[in-house]
Every structure is written in structure tokens, then in C-alpha cells.
Amino acid sequence: AVFASGFRDYYNNNSYDGCNGQPTVGNMTRWLYKPAVFSNAPTSCKEILAKNSSATSGSYIIDDDGPGPRASYAVYCDMVTDGGGWTAFYNSKHGSPNVFSSFEAASPLCPDPINQCIRRLPPSAVRSWWFAGMCGNATVKFQMSAGGLAYFQSGIQGSWVNNTNMVNIANSDAAYASTFWTGSSGNNGWVLAKNSTAGAAGLASGYGLNANYNSCNGVVTTSTSAPMARLLYRSVL
């Protein structure tokens with residue numbers, strides 16, 4: 001009546017050498033475990049703010065699918081801009097000299113959730129959510145097209161795609177966020193710009209192949225000490 005054992009009897013009693021009820025030796029025996037996934041972490045920065053209206057901007061732990069299989073992780077939350085509740089999915093100094101990864105890469109790279117972090121959008125993200133682009137103190141919010149969502153959620157390239165419902169939140173021109181570059185074959189990275197335009201007609205970028213797209217709120221900069229660029233989303237609870 002023995003299922004399995006790892007028992008050595010110094011009296012040479014092999015009566016415990018059973019395998020699934022049969023007396024035998026030599027069969028593989030394994031103990032295994034599977035960690036349970038339980039998470040009380042909030043699903044987004046918006047949820048954090050909804051539960052604590054005095055929450056400040058900074059690094060927080062979220063779990064974007066709640067009790068689902070995805071692990072929790074650290075993000076930067078902007079709790080001030082346009083009422084707060086923004087979850088960052090890209091943080092880095094702006095422009096080509098500072099590009100460290102792209103959304104074409106399946107794995108996130110986040111050595112510092114506040115200053116250098118890139119993660120694809122969660123599977124729950126939809127076009128009705130608000131998204132925002134920032135460079136320095138300039139911010140524009142907008143809603144994405146299906147092509148933009150496919151790129152930032154799954155790394156599916158779509159060249160230039162249009163955004164909709166652009167709103168200048170702070171110190172910018174809403175038109176600077178009218179289009180997204182979402183990569184093409186061998187041409188990875190993103191640009192947030194006015195009507196697919198190079199030069200001083202963009203809001204921010206994480207594109208390393210052409211410095212002509214290094215516009216930070218209408219000013220081209222190629223400095224390694226450039227302002228911070230961020231992409232953020234605000235989910236619907």
C-alpha cells in the first residue's frame with residue numbers, strides 16, 4: 001500500500017519499496033511543487049490613487065491581472081498630472097543617445113522603474129483608455145489606434161499610426177502627439193510626433209536610428225542629459 005518512498009532501512013527491510021501499490025525498486029520518484037499565485041497588489045496606479053487620494057508620485061508594486069498568472073512588478077506612478085493615476089510603461093531620458101531597448105523586445109527591461117524602464121502594455125489595455133506622452137514638463141494625452149495598441153501591447157510593428165482625441169495637458173501642442181511611429185522591419189523604436197514629421201515637430205521619442213526625430217516638445221536635442229521622456233496609461237477601474 002505504498003505509493004512512493006525514499007527510505008533506506010538499515011535492517012534490509014524492503015517492505016516499503018512500493019511504487020503505486022506495487023512492490024518494486026528502480027522507478028523514478030519525484031516530489032514537485034507549484035507556487036500558488038496570490039496577490040493583493042493593486043492592478044494599476046489609478047487603483048492606488050482611488051484607494052488613497054493622498055498617494056504621491058513614485059515607485060509602486062502593481063499586479064495588472066490581479067489574481068491571474070502574471071507576476072506583480074514595480075512601476076512609476078504619476079499621481080499629479082491631470083488628476084493623477086497614471087501608470088508609466090516607458091521611462092528614460094529622451095532621444096536617440098539614451099535608447100536602451102524597444103517594444104519590439106518581448107522581455108521588459110526595468111533596472112529603475114522611475115528613470116529607466118520599458119514594459120509592454122498589459123493585455124487588459126484597450127483603446128478607450130487614456131494614454132499620455134511626456135518630455136520634460138510637457139504632457140499631451142490621447143487615445144491610441146488599434147495599430148498603436150498592437151505595437152505597445154505585443155510589439156507588432158505598423159509604421160506610422162494615428163492617435164485621436166489629443167489634449168494638451170501641460171506646456172505643449174496637442175498636435176505633437178497626433179501620430180506614433182511604431183517601427184518597421186529593422187527600424188525599431190517609437191516616435192510621438194506631429195503628422196509623421198521629423199525635426200522640431202514632436203513631443204518625445206525612444207528611437208535610436210535617426211537623430212532628426214529627437215524632438216522634445218518641439219526642441220531637437222541629442223544630449224545624454226536630455227529631459228525625461230515617459231509614456232503612461234490611465235486604466236478604467
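In this chain, numbering begins with 1 at the start of the sequence shown. Quantities reported herein were computed from a predicted structural model and do not represent experimental measurements.
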Query raised in the report: Which heavy atom in T221 sits nearest to a heavy atom in C216, and how many Å separate them?
Result: CG2-CB, 4.1 Å
Requested in this report: Supply the atom-to-atom distance C110 SG to N115 CG, rounded to the nearest 0.5 angstrom.
Outcome: 10.0 Å
Requested in this report: Any salt bridge (Lys or Arg N to Asp or Glu O under 4.0 Å) involving residues 212-227? Give me the pairs, sequence neighbours left out, ordered by first then second residue.
Outcome: none
Report task. Check the pair Q143 / T164 against side chain to side chain contact (heavy atoms under 4.5 Å, CB included), numbers first and verdict last. Result -> CA-CA 5 Å; Q143 290 175 308; T164 59; 3.7 Å; yes
**Report entry** Residue pairs involving residues 194-207 (criterion salt bridge (Lys or Arg N to Asp or Glu O under 4.0 Å); sequence neighbours excluded)
**Finding:** none
Query - C117 side, atom SG; D112 side, atom CG - distance, nearest 0.5 Å - result: 8.0 Å
Query - F180 reachable from L203 in the ILVMFWY side-chain graph, under 4.5 Å edges - result: yes
Query raised in the report: With the 4.5 Å side-chain cut-off for hydrophobic clustering, are I48 and W86 part of the same group?
Result: no
Report task. Test H94 against S205 for side chain to side chain contact (heavy atoms under 4.5 Å, CB included), laying out the working first. Result -> CA-CA 6 Å; H94 164 78; S205 71; 3.5 Å; yes
Query raised in the report: Taking the side chain from S102 and the backbone from G189, do they hold a donor-acceptor pair closer than 3.5 Å?
Result: no
Query - Atom pair CG (N188) and CD (E104), whose distance is rounded to the nearest 0.5 Å - result: 3.5 Å
Report summary line: So ring pair (Phe, Tyr, Trp, His ring centres under 6.0 Å) across residues 106-136, not counting sequence neighbours, yields W129-Y233
Query raised in the report: Any luck finding a side-chain donor-acceptor pair between N195 and T197 under 3.5 Å?
Result: no
Query raised in the report: Are V126 and F152 joined in one hydrophobic group, where the rule is that I, L, V, M, F, W and Y side chains link up if heavy atoms are under 4.5 Å apart?
Result: yes
Query raised in the report: Minimum heavy-atom separation for S59 to A74, with atom names?
Result: OG-CB, 4.1 Å
**Report entry** Nearest-0.5 Å distance that lies between atom OH in Y76 and atom CG in L232
**Finding:** 8.0 Å
Report task. Show your reasoning for whether side chain to side chain contact (heavy atoms under 4.5 Å, CB included) applies to F100 and L109. Result -> CA-CA 9 Å; F100 65 99; L109 183 59; 3.5 Å; yes
Query raised in the report: Is it the case that one hydrophobic cluster holds both V75 and Y90, taking links as side-chain heavy atoms less than 4.5 Å apart, direct or via other members?
Result: yes
Query raised in the report: Going by atom types alone, do Q157 and N187 pair a side-chain donor with an acceptor below 3.5 Å?
Result: no
Requested in this report: Answer yes or no: is there a donor N or O on one side and an acceptor on the other, between the side chain of D64 and the main chain of P122, under 3.5 Å?
Outcome: no
Report summary line: Minimal heavy-atom distance between A41 and I62, with the atoms involved, is CB-C, 4.1 Å
Query raised in the report: Is the side chain of E47 donor-acceptor paired with the backbone N or O of T43 at a distance under 3.5 Å, no angle test?
Result: yes
Requested in this report: Determine the minimum heavy-atom distance between M144 and L149, stating which atoms define it.
Outcome: SD-N, 3.8 Å
Query raised in the report: Within the side chain of Q153, is there an N or O that forms a donor-acceptor pair under 3.5 Å with the backbone of P123?
Result: yes
Query - Joint hydrophobic cluster, Y60 plus L231, side-chain heavy atoms closer than 4.5 Å - result: yes
**Report entry** Sub-4.5 Å side-chain heavy-atom contact between M79 and T56
**Finding:** no
Report task. Give me the other members of the hydrophobic cluster that W181 sits in, counting Ile, Leu, Val, Met, Phe, Trp and Tyr linked by side-chain heavy atoms under 4.5 Å, directly or via other members. Result -> W160, V191, Y207, L209, Y213
**Report entry** Sequence neighbours excluded, every pair satisfying salt bridge (Lys or Arg N to Asp or Glu O under 4.0 Å) that has a member inside residues 82-99
**Finding:** D82-K141, D82-R234
Report summary line: N162 and T179 have their tightest heavy-atom pair at OD1-CG2, 3.3 Å
Query raised in the report: Who passes side chain to side chain donor-acceptor pair (under 3.5 Å) against T81, sequence neighbours left out?
Result: D78
**Report entry** Verdict with reasoning, T87 to K46, per side chain to side chain contact (heavy atoms under 4.5 Å, CB included)
**Finding:** CA-CA 7 Å; T87 303; K46 184 173 182 181; over 6 Å; no
Query raised in the report: Any donor and acceptor pair, going by atom type alone, linking the side chain of D65 with main-chain N or O of R70 inside 3.5 Å?
Result: yes
Report task. Please assess N217 against S172 for the test side-chain hydrogen bond (donor to acceptor under 3.5 Å, both in side chains), listing each intermediate value before the final yes or no. Result -> CA-CA 6 Å; N217 194 35; S172 191; 2.6 Å; yes
Query - Over-ring placement of R120 relative to F89, 6.0 Å and 45° cut-offs - result: no
Query raised in the report: What do the steps show when you test S96 against N214 for side-chain hydrogen bond (donor to acceptor under 3.5 Å, both in side chains), and what is the final call?
Result: CA-CA 7 Å; S96 57; N214 282 354; 2.8 Å; yes
Query raised in the report: To the nearest 0.5 Å, what is the distance between CD1 (I114) and CG (N91)?
Result: 8.5 Å
Report task. Check the pair N168, Y176 against side-chain hydrogen bond (donor to acceptor under 3.5 Å, both in side chains), reporting the backbone distance first and the verdict last. Result -> CA-CA 9 Å; N168 173 30; Y176 284 171; over 6 Å; no
**Report entry** Euclidean distance, S223 OG relative to N98 CG, rounded to 0.5 Å
**Finding:** 7.5 Å
Query - Side-chain donor or acceptor of S235 paired with backbone N/O of S44 under 3.5 Å - result: no
